[in-house]
Every structure is written in structure tokens, then in C-alpha cells.
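Only one structure is covered here, and it is reproduced in the block below.
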Amino acid sequence: MSVPEQLRYSEEHEWVAGLDNEDGVVTIGITAHAADALGEIVYLELHSGEGDTVEAGEPCGEVESTKSVSDLYAPVSGEITAINQAVIDEPKVINDDPYGEGWILKVRVSEEPGDLLDAESYGKLIEES
Amino acid sequence: MPADDTTAKRTPLYDVHRELGATLVDFAGFQMPLRYTSETAEHRAVRTGAGLFDLSHMGEILVTGPQAAEGLDYALVGELSAVRAGRARYTMICAPDGGVLDDLIVYRLDEEEYLVVANAANVATVRDALTERIAGRFDARVDDRSDEYALIALQGPQSQAILAQFTDAPLDGLKYYAWLRGRVAGVDALIARTGYTGEDGFELFVAAADAVTLWNELAMVDGVVPAGLSARDTLRLEAGMPLYGNELTAETTPYEAGLGRVVKLGKPGDFVGRQVLAAYAETPPGRTLVGLVARGQRAPRKGYPVVTADGTTCGVVTSGAPSPTLGRPIAMAYVDSGAAGGELAVDVRGRREPVDVVDLPFYKRS
């Protein structure tokens, strides 16, 4: 299962891109491992919209697949600056391209993210699961 | 890739599933394919063309002897003595208190020989109950042959045309819930026109050693799509077919499940559960199994409460999933009989999602 080197990961299987960006805006999605475990994603709901804030470790949405449903947790705290309407309209894109077209939201990070994993640690986590 | 679970059993097709890249899960103690690629594509293939399933985890129990028919009439709720050789019957084995121990398909192989097919998780329960109920009382023998048989299902509107390429057996005249013996792709098979998908289709019982040969031949046909447990579950749900552990349990009677017709109270002789089941037959059940179609996109799932308009819990979902054929989430649920006619909703993780109560099945082949 692919675990891109340049990303950071939460233990709840979200990925975060762009932590070094100067504008402080990161992109968030769910990992290929999570998408595969869920099965085909048929519905995605976000609890908040652009301009709202999310808090690291708190549920910020729900992901519904053919087989099950699971919470989407915010891996960082901050303000939502963008939502990927394309994946809300067609959630299967998350299965097809979890690290690319399947991104879910962008957040302007308000505080230093504490305990995100690097690719190696996340790779170990999913191997053990 | 998770480490192999060495305690789980493997079907004769395990290596084939691995080669096909299936996502394998533990199911009833077996490593079984959940899906090969996309469960929705696998589901659609069965509705429109043909899907290929490995069902070798199911249990095959032979009941043989001069009193095999009488023994099964006593052990099960159906009238198996009335089934002719060459035919099959959907039936159940109940506890003395009327609870369902398993639902079964029983094939009458010969005057004195029946093949009882049990759900994988219940093989030991069924074998032990049959042994206790039959072996001591009747001149018949109970043999668990589950390890010797492999079971491959070819399901879908194209299945007869496809199977006909591999056998000279007269499939044309083979009725639903009938079987015959034949050679399929060069191996001896019991060819049964049964299945669990709501489509026309065949279940092929073969020797375990022949499973890979048969699978590989059938899988090579254009349009035959290997299908996993995930597709199997949405297919049977659309077809309104109960799943043991969900709609049927030891705490459920056949009448609550809407399957009172399988209980043959008029058959000769006593049978296990008769007294209690006869009483249930006279009393309207307190809860009934209904079909629910969600108005929104959230799927009711097993265990979610069903609630009335004022929020009172009046039932529980037994199975639910987005339906690829209907394009909406569907579910089966037990609902208090008085509530089934009113406005209902399902509590989806704390939110009330309105549903429509519909007749089962959700899908019927045309």
C-alpha cells in the first residue's frame, strides 16, 4: 500500500500535505490504506464549511462506504480554507486517487501540529494493523 | 499486507484468490475474498452478465440410509420426504424453542441420500444437531463431508449460456431448485440451479481437488467476473434474502422473519420445535421483518435503531448497505408490528434519517 514519503499522517489514517508551506495552508485527505479498508466510498459529509474551524483529533466529517461508515478526524487545528466539492459530488475519486484528486479539504493551520507520523512510522502502523 | 492468519482455514481456491489480488478477510474461520477489484463492479456483473463465487466454506453434510427422509422430517422444519430426487428445498433447522439454528438448502440426491448445505459458521451446530436427532432414532447416517467438497457458484443472466460451453448436461430443462450430475470442464460436478443473488445461476459441487481446474476454466470466459463476499452481501440484500447472524438467529423464529411458509406443520410425524412453532403460527408475531429504503444517502447499518416519528425506538436494522441497483441505501429491519405502517426513520449515528417501508425483495429479476 502506497505511503508517500513527503506526507505526514495521523493515527486515524488522514494524510497532511504542505506543512512547510509559507502560507500555512495544508491539504488533507485519507490514506490509500484507509480508503482500501473502507471499500468503495459512496458518501462523504463534512460537518463544517469554508471559514469554519476544525480542531485536531476531533471528528470533522463522516466517510460512508459500501461496507461501513467511519469518522473523519481533523489531523490539525485551524480554519477551513477550501473543500473539494468534486469528491463530495463523486466520493469514489478518493478510492481512485487518495493522495491526488481525492484530497478532501484545506486548512490554515493555527497551531503547531503535535503528533503527526512520518511515512516510515505510518507504514509501520498499517503493517501492524 | 497483514500477516497471514495461520489459524484460519483456506478453501481449495485460496491461492487463486491471492493471485487475483483479492482482499482477503476472515469469515466464519476461513480466509475468504471480500472483493477482487471493485465490489460495485462485481455486483453489477452478476446483475447483467455473470459472477463467479467461491463458496467452498459452506458445509456439506450427507444424510444417508433407509430412514434418511424420516430423519430429516424430524430434524428440520420442512417436509424433506416430499422432495423428489433431483430437487432441492430451502429449509431451516430450529431449536426446540423455535429459534433458528441455521437456514439450509437440502438436495435430495437419491431415495436414501440427501445433501444438507449449511452456512460455514454453523456447520458444527448443524452436524451435531442432525447427528443427535437422526443417528440415534432413525436408520440413517450423518456424515460431514465439508472438507471433501468445493462449491463454486456462477450467477447472473448469462450463466446458463456460459456454463453450456463447458458441459453437455441438459441445462435447458433444469428448473430452479433442481440439480443434475454432469461433467463441467472435464470434472464431475453436481450442477444445481440454486443461488443467493436474486439472479438465475448455478451452484457447482465438485471434489476439492477439482476446484482450481473448474474455476480457472470458467474465469477465462469473457464477461465472467470473480465476485467476493462484499458483492454477495449486497446482491442477497437487494433480493431480500436473509443472512444467518443478521436476519436469522437462535433468538428469531421463522414467522418473525416472514418465512413461516417453510415450517410444514402439516407433515406426518413429530419434529423438533413443532409444539412451539405451532403456537407461533397461531399468534401474530410481535415484530416483523421489513424492507427500508433511505430517502437520503446515509446507509442504515446492522444494529442501528429504527425510530418512529416521535423518536421512539421501534426496531433494529439487521442488514443495510448502499444498493448499487437502486442507487439508494436499503436495509432490512425488525420493526414492532404496530409501527411498520407509520413514518419511520433510522438513527444513523445520532441523526434521524427518514426511510420508506417497502415490500421485500427490493429487486426482482425480470
Side-chain angles (χ1 to χ4, degrees), chain A residues 1-3 11-13 30-48 58-73 83-98 101-102 104 119-120 122-129, chain B residues 1-5 21-27 32-44 227-238 246 294-304 317 319-331 346-351 353:
Chain A
M1 200 58 63
S2 110
V3 180
E11 288 185 3
E12 287 80 28
H13 308 287
I30 66 171
T31 66
H33 171 78
D36 192 62
L38 279 165
E40 278 172 60
I41 297 166
V42 293
Y43 184 66
L44 170 69
E45 180 177 285
L46 296 175
H47 297 331
S48 317
E58 295 296 317
C60 66
E62 290 177 64
V63 186
E64 180 115 37
S65 72
T66 48
K67 286 314 278 180
S68 66
V69 59
S70 77
D71 282 313
L72 177 71
Y73 293 90
I83 282 171
N84 186 359
Q85 191 59 42
V87 301
I88 289 176
D89 294 341
E90 205 190 332
K92 197 181 168 298
V93 175
I94 297 172
N95 295 104
D96 297 339
D97 190 9
E101 296 293 318
I104 294 172
E120 194 188 346
Y122 182 69
K124 274 198 191 122
L125 178 84
I126 60 176
E127 232 167 72
E128 288 161 7
S129 69
Chain B
M1 187 65 67
D4 267 352
D5 181 351
T23 301
L24 294 163
V25 291
D26 181 85
F27 182 80
M32 294 299 291
L34 182 67
R35 61 174 176 271
Y36 298 87
T37 52
S38 145
E39 57 255 29
T40 308
E42 292 165 21
H43 179 113
R44 294 218 164 94
L229 292 174
S230 191
R232 187 168 171 78
D233 192 45
T234 46
L235 288 158
R236 70 90 198 167
L237 176 59
E238 287 183 347
N246 292 37
R295 291 188 201 155
Q297 289 177 287
R298 305 304 304 271
R301 308 273 181 187
K302 181 182 180 180
Y304 287 8
V317 174
S319 298
S323 158
T325 306
L326 275 67
R328 332 201 62 147
I330 57 172
V346 172
D347 183 335
V348 176
R349 312 181 94 213
R351 211 165 61 190
E353 295 284 343

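Here the structure is a predicted model, which means the values were calculated and not measured. Letters go in sequence order (proteins before strands), and every chain restarts at 1.
- Highest contact tally toward chain A, considering only B:His43, B:Lys302, B:Glu39, is held by B:Glu39 [criterion: heavy-atom pairs under 4.5 Å].
- With a threshold of 4.5 angstrom between heavy atoms, A:Asp71 approaches chain B through its backbone and through its side chain.
- Looking at every heavy atom in both residues, A:Glu40 comes nearest to B:Ala41 through OE2-N, 4.5 Å.
- Residue contact with chain B, scored on non-hydrogen atoms closer than 4.5 Å, is absent for A:Asn95.
- Electrostatic pairing of A:Glu62 and B:Arg298 counts as a salt bridge here, judged by a charged N lying under 4.0 Å from a carboxylate O.
- Within a 6.0 Å sphere centred on CD of A:Glu58, other residues, nucleotides and ligands contribute more than 12 heavy atoms.
- Separating the CG atom in A:Leu44 from the CD atom in B:Gln297 is a distance of 10.5 Å, to the nearest 0.5 Å.
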Practice item. For side-chain contact (heavy atoms from CB on, under 4.5 Å), just list the numbers for B:Thr40 and A:Thr66, CA-CA rounded to whole Å, side-chain angles, deciding distance to a tenth of an Å, and then say yes or no. Key: CA-CA 8 Å; B:Thr40 308; A:Thr66 48; 4.0 Å; yes
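- B:Arg35 has its side chain within reach of A:Asp36: a pair of non-hydrogen atoms, C-beta onward, lies under 4.5 Å apart.
- Without hydrogens or angle criteria, A:Glu64 side chain to B:Ala299 main chain gives a donor-acceptor distance under 3.5 Å.
- Note that NZ of A:Lys67 is 6.5 Å distant from CG of B:Leu34, once rounded to the nearest 0.5 Å.
- Enclosure of atom CD in A:Glu120 is not indicated, since only 12 or fewer non-hydrogen atoms of other residues, nucleotides or ligands lie within 6.0 angstrom.
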**Study point:** Step-by-step salt bridge (Lys or Arg N to Asp or Glu O under 4.0 Å) determination, B:Arg349 to A:Glu45
**Key:** CA-CA 13 Å; B:Arg349 312 181 94 213; A:Glu45 180 177 285; over 6 Å; no
